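Below is one structure; the comments refer to it alone.
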Amino acid sequence: MVSDRGGRAGFVYRSRFRAYRALRRKGASKEKAARISNGGRYFTGRSRMARKGARTRRSRGR
């Protein structure tokens with residue numbers, strides 16, 4: 001498990017660890033997975049990410 005000490009040990013909120021592991025399984029780097037999963041700690045962050053993803057997909061014609 002990623003440490004909650006932070007710094008070199010890394011940091012991911014406990015409530016978002018499942019999201020972190022899912023991103024790692026999909027091949028995201030530790031840094032990228034931590035950044036995304038920590039960014040979605042609260043509902044507002046997750047809905048913002050969802051809107052951004054939808055906007056990206058729409059602009060790419062998917």
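All values derive from a computational prediction rather than experimental measurement. Any value given below was found using the heavy atoms of this structure, including those in side chains, with hydrogens, waters and symmetry copies removed.
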Distance in Å, K26 NZ paired with I36 CD1, rounded so as to fall on 0.5 Å steps:
9.5 Å

Between the side chain of R57 and the main-chain N/O of G61, is any donor-acceptor distance below 3.5 Å?
no

Quick one: pull up OH in Y42 and OG in S47 and give me the separation to the nearest 0.5 Å.
14.0 Å

Check: L23 and K32 side chains under 4.5 Å, non-hydrogen atoms
no

R48 vs K52, test: side-chain contact (heavy atoms from CB on, under 4.5 Å). Steps then yes/no.
CA-CA 6 Å; R48 184 185 302 144; K52 182 178 179 183; 5.8 Å; no

With side-chain contact (heavy atoms from CB on, under 4.5 Å) as the test, would you mind laying out the steps for R46 and R16 before giving the verdict?
CA-CA 11 Å; R46 290 193 298 277; R16 298 299 294 159; 3.7 Å; yes

Shortest non-hydrogen contact between S37 and A34, atoms and distance:
OG-O, 3.3 Å

Considering all heavy atoms, the nearest M49-G39 contact
CE-C, 4.0 Å

Count the heavy atoms belonging to other residues, nucleotides or ligands that lie under 6.0 Å from CZ of R18, then report whether that count exceeds 12.
no

At their closest point, which heavy atom of V12 faces which heavy atom of Y20, and how far apart are they?
CG2-CD1, 3.6 Å

